[in-house]
Every structure is written in structure tokens, then in C-alpha cells.
J.: 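Below is one structure. I have some questions about it.
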2 protein chains.
Amino acid sequence: MRDGTKTKESIDRTSLRLFVEKGVAETTIRDIASAAGIAEGTMYRHYASKDELAWSLFSKNFTALSRELDRLQKEQPGTREKIEAMIRCFCTLFDDDPILFSYLCLHALHGQIGKMTPDRPHAMEVLIKVIDGGMDRGEITKGNPTVAASMVMGIVLQMATSKVYGRFDESMTDLADTIVAASWRVVGE
Amino acid sequence: MRDGTKTKESIDRTSLRLFVEKGVAETTIRDIASAAGIAEGTMYRHYASKDELAWSLFSKNFTALSRELDRLQKEQPGTREKIEAMIRCFCTLFDDDPILFSYLCLHALHGQIGKMTPDRPHAMEVLIKVIDGGMDRGEITKGNPTVAASMVMGIVLQMATSKVYGRFDESMTDLADTIVAASWRVVGE
DNA sequence: CTTTAGAAAGTGAACGTTCATTCACTAATG
DNA sequence: CATTAGTGAATGAACGTTCACTTTCTAAAG
């Protein structure tokens, strides 16, 4: 039996890049096929449709990221360490794979994230949970945990956005200490 | 001569709403015409193309917002007051017209904002300028003004995003004090 | 070791649909 | 009556998807 693993990987990486560069709707199957060096029909051996391709790329990776965040958070004893671990995870993901980060956290938010069923792990909910726990334990200023989590997430995501636009030169990991410190100033006791 | 002002306003509001609800690419001229109660050809009496419609809605309103932010900022003596005035402006815009806010600040970022020429007023640059000035005057902790501005902008925009998703009940104006306080904790001296 | 059958992957022209745009025509207004 | 707004069927291009066909690979049979 013929092995299509390499082809599928090529489809995944190429379409991820084009989806981020031009947007999902603006990327045609012909664009993907041409950039990946395959025929137009080949994608359909691996995905039922363009929609399924876009959704698979999002849901698989977003679920993995959310699980990883939850795993890292559980490893840490205190709330500050939990939040620091999560922020460093975002920074590392950005530096390692800015295209994937952009697709998951900056682009796909509208259109894909609305399809996430409530049962699946969700990065934002992990952060809310951590902050809620931190408030219970008195490690975080009492208040609305969703509001606090939104602010922390906002700092991280807008930093990534500015990095994408080339507004600063440091890597996200270089700035991780700064981001953690700022986030803690926002939510910390 | 016939007056098309009302029709144009109807096109503007209807397409703005649909662009935010479904995305620009996913909104067809038929969608707009049908929802606005006009014929398909009518839009072309007011805009040369769908692209021009999307761009006009963005650039006109984004420039107006950026100018307003700059005007408000100039009215204030201190850096804290400047930032507070700008954040309150974002909150008011959101509460008054969440659809316009979403189009300008949450959706159109990718696709439209890249077309902004550097000479035009740009909300982010106004904020960077204010923070840069605040650092010079010793009212803001010394550092990279772009990084500080990104964090403040991130707090505001992610709060708006969470509000769009219905993650909390308060209006943005209700939370303005909280947002200003958090932002100042991030950048303030 | 060689042959061969079957299964899955790869191909790309063709298909049907959808879409943005056009245009000849009509309606309104000054 | 001239000018601009409004109309909606028609147009052609672009797109996602299909499918009959080819290629490649595995493994069982000889």
C-alpha cells in the first residue's frame, strides 16, 4: 500500500501557511496544490473538504495546546507559577511555530473557535480555572476570574500580534519575563 | 436629482453587520442586497466593488477613531489621564456600536489593517506615542514603549472579545475603571 | 527471487455552482 | 428633460469537488 504520510504533512504545513498568509476563504485548493506540489484532487484523499482541512488543523492543534496548558498548570504548586508556566508555553509555541500560533490564536478565532464544543479543552477556560482557583486560595485579587483571565490572555495575544507585525525585535521567549511580570501586576495579590 | 443617501447608509450598516457576523469573504453581494432590501446592482452606484466597500468602511471609521483618540489624548495633561481617556473611548465605542468596534478592532485586523499607509493616523501608534512621552516624563516605567502599548491594547481588545463572546455581563463602560487600573498597573511608574 | 493482484495514493480535466460585476432599462427628482 | 439612483437578468470567471484513470507499494503466490 502506498504511503501518503509525507503528502499529508505537506498539505498540512502548506495550507496552514497559506491560511495564515491570505486567510482561509482567500486560499484556494489550487493555491494549496500548487504550493505543495501536488494535484488538485490529492487533498481529497486525506480530507473530505477544504472546510474539514481548516477545521482539522484548528481543532487538533488547539486541543493539544489546551491540554498542554492544563498539564503544565497542574505541575505547578502556586498560582503565580501556574500562570508563568502557561505564558511561557505560549511564548515557546510562538517562537517555535509562529504560523501555527497565528492560526490557532490570532486568525482562526472567528469561524473555527465557535465550532468548539464545550466539552473540549479550551485554553481560555484553563486560564479562567487557574485564576478562579488562585482567587479561592487568596493568591489573586478577588474579582471576576473571567475578566482577569481576559486581561492576561490579551497581554499575551497582543504581544504576539505586535511581534507578527514586526513591531519589536526580541523573541517572545526573550520577553516572557516581562509578560509574566505584567500579567502578575494585573491579577496578583 | 435623486437622493441615495439613505440607501448608502443602509448598505453601510447592513454590510458592516454581515461582515462581522459572517466575515467579509463569506458575505455575498446577494446577502447584502437582500438584507438591505435593495437590488444587487444598487451597491455599485455607491461603491466600485465589494473590496472598496469593505475598505471604505474600515479606513473611514478607523481613521476617525484614531483621530478621536489623538484628540482626547492631547486634551489631557498627564500620561495616566491620557491613557484613561483613550481606554474610555474604546469602551464607549464598544457599548455604542459593538458591530463597528468588532469590525475595526477584532475582525478587520487581518486583511484591511495591512493596507493602512504609514501616513494615516493609527490607534496603536497614538498609544505608543503617549506611552513613549510618558516614559520621557518619568510617568511610566522606562522600557520599550511598543511592548507597553501592546500590553495595554491587548487588555482592552481581549476584554472586548470576551464581551462579544458573552463571557461577562457588565458593559465595557462598567468595567472601564477596572481596565484603566489594570493597564496602569502594567505600565505605570 | 520473481511475479502479480489488490489497495491506497496521486492525477488533472471536467463539472456544476456560486459569485462579483455589468448593463440596458426604469423611476424619481430638481 | 437631464441627471442620478435603482433594478435584476445576464455574463463570465473562479472555485470546490468529482471521477476515471495511472502510479506506487505491499505482500501473497509461484
Side-chain angles (χ1 to χ4, degrees), chain A residues 1-60 99 103 107-108 110-112 114-115, chain B residues 1-61 99 103 107-108 110-115:
Chain A
M1 188 178 71
R2 218 164 158 183
D3 180 20
T5 311
K6 283 276 161 57
T7 304
K8 180 162 178 168
E9 279 167 16
S10 170
I11 291 169
D12 287 358
R13 288 248 46 100
T14 303
S15 54
L16 201 60
R17 178 174 60 80
L18 293 174
F19 286 168
V20 169
E21 278 174 13
K22 322 203 306 170
V24 173
E26 291 77 9
T27 301
T28 69
I29 301 295
R30 281 168 179 81
D31 288 336
I32 297 169
S34 154
I38 57 169
E40 290 167 39
T42 303
M43 190 212 77
Y44 294 90
R45 296 283 172 212
H46 302 276
Y47 295 101
S49 67
K50 182 186 161 182
D51 269 2
E52 201 209 276
L53 167 61
W55 168 246
S56 168
L57 289 174
F58 178 77
S59 63
K60 235 185 54 167
I99 291 173
Y103 188 63
H107 286 250
H110 302 279
Q112 308 284 6
K115 297 182 198 163
Chain B
M1 189 179 73
R2 218 167 159 182
D3 180 22
T5 311
K6 283 277 162 56
T7 304
K8 180 164 178 166
E9 278 166 16
S10 170
I11 292 169
D12 286 0
R13 289 252 35 108
T14 304
S15 54
L16 201 60
R17 179 174 59 80
L18 293 174
F19 286 169
V20 168
E21 279 174 15
K22 322 203 304 170
V24 173
E26 291 77 10
T27 301
T28 69
I29 301 296
R30 279 173 179 81
D31 289 336
I32 297 168
S34 153
I38 57 170
E40 289 169 41
T42 303
M43 189 212 80
Y44 294 91
R45 296 283 173 212
H46 302 276
Y47 295 100
S49 66
K50 182 186 162 183
D51 268 3
E52 201 210 275
L53 167 61
W55 168 244
S56 167
L57 289 174
F58 177 77
S59 62
K60 236 184 55 166
N61 290 294
I99 289 172
Y103 188 64
H107 286 252
H110 301 280
Q112 308 285 7
I113 215 161
K115 296 181 198 162

J.: May I have the list of side-chain donor-acceptor pairs in residues 18-27 of chain A shorter than 3.5 Å, sequence neighbours left out?
T.:
residue: A:E21; atom: OE2; partner: A:R17; partner atom: NH1; Å: 3.3
residue: A:K22; atom: NZ; partner: A:D31; partner atom: OD2; Å: 2.8
residue: A:T27; atom: OG1; partner: A:L18; partner atom: O; Å: 3.2
residue: A:T27; atom: OG1; partner: A:G23; partner atom: O; Å: 2.7

J.: Under the salt bridge (charged side-chain N to carboxylate O under 4.0 Å, His left out) rule, collect the residues that match up with B:R13, sequence neighbours excluded.
T.: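 For B:R13 the salt bridge (charged side-chain N to carboxylate O under 4.0 Å, His left out) partners, ignoring immediate neighbours, are B:D97.
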
J.: Taking the side chain as every heavy atom from C-beta outward, state whether A:T28 and A:I32 have any pair of such atoms under 4.5 Å apart.
T.: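 No, their side chains stay 4.5 Å or more apart.
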
J.: Say you draw a straight line from OG of B:S49 to CH2 of B:W55; how long is it, rounded to the nearest 0.5 Å?
T.: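 Result: 12.5 Å between the selected atoms.
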
J.: How many Å lie between CD1 on B:I32 and C1' on C:dC19, as a whole number?
T.: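 It is 12 Å, rounded to the nearest whole Å.
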
J.: Between atom CD1 of B:I113 and atom OG of B:S59, what is the distance when rounded to the nearest 0.5 Å?
T.: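 Taking CD1 in B:I113 and OG in B:S59, the distance rounds to 11.5 Å.
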
J.: Mind checking side chain to side chain contact (heavy atoms under 4.5 Å, CB included) for A:T7 and listing every partner two or more places apart, or none if nothing turns up?
T.: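 For A:T7 the side chain to side chain contact (heavy atoms under 4.5 Å, CB included) partners, ignoring immediate neighbours, are A:I11, A:I38, A:T42, A:H46.
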
J.: Going 5' to 3' along DNA chain D, between which two nucleotides do contacts with chain A fall, using a heavy-atom cut-off of 4.0 Å?
T.: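 Contacts span D:dC15 to D:dT26, reading 5' to 3'.
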
J.: Can you list the residues that meet the salt bridge (charged side-chain N to carboxylate O under 4.0 Å, His left out) rule with B:R30, with sequence neighbours excluded?
T.: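 Scan of B:R30 (salt bridge (charged side-chain N to carboxylate O under 4.0 Å, His left out), adjacent residues dropped) gives B:E40.
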
J.: Which whole-number value in Å describes the distance from B:Y44 OH to C:dA24 C1'?
T.: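 Between C1' of C:dA24 and OH of B:Y44: 17 Å.
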
J.: Rounded to the Å, how far apart are A:M43 CE and C:dG12 P?
T.: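 A:M43 atom CE is separated from C:dG12 atom P by 16 Å.
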
J.: Determine which pairs satisfy salt bridge (Lys or Arg N to Asp or Glu O under 4.0 Å) with at least one residue from residues 41-52 of chain B, sequence neighbours left out, and list them in order.
T.: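 Salt bridge (Lys or Arg N to Asp or Glu O under 4.0 Å) check on residues 41-52 of chain B returns no pairs.
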
J.: To the nearest 10 degrees, how far apart in direction are the end axes of the helix from C:dC1-D:dG30 to C:dG30-D:dC1, each fit to five base pairs?
T.: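 Taking the rotation axis at each end, their angle is 0°.
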
J.: Dump the pairs, protein N or O against N or O of nucleotides 6-10 of chain C, anything under 3.5 Å, distances to one decimal.
T.:
residue: C:dA9; atom: N3; partner: A:R2; partner atom: NH1; Å: 3.0
residue: C:dG10; atom: OP1; partner: A:T7; partner atom: OG1; Å: 2.1
residue: C:dG10; atom: OP2; partner: A:H46; partner atom: NE2; Å: 2.8
residue: C:dG10; atom: N7; partner: A:R45; partner atom: NE; Å: 2.9
residue: C:dG10; atom: O6; partner: A:R45; partner atom: NH2; Å: 2.5

J.: Kindly compute the distance separating OG (A:S10) from CE (A:M43), expressed to the nearest 0.5 Å.
T.: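 The OG atom of A:S10 sits 13.0 Å away from the CE atom of A:M43.
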
J.: I'd like to check the side-chain hydrogen bond (donor to acceptor under 3.5 Å, both in side chains) partners of A:Y47; sequence neighbours left out, ordered by chain and number.
T.: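 With neighbours one apart ignored, the set is A:D12.
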
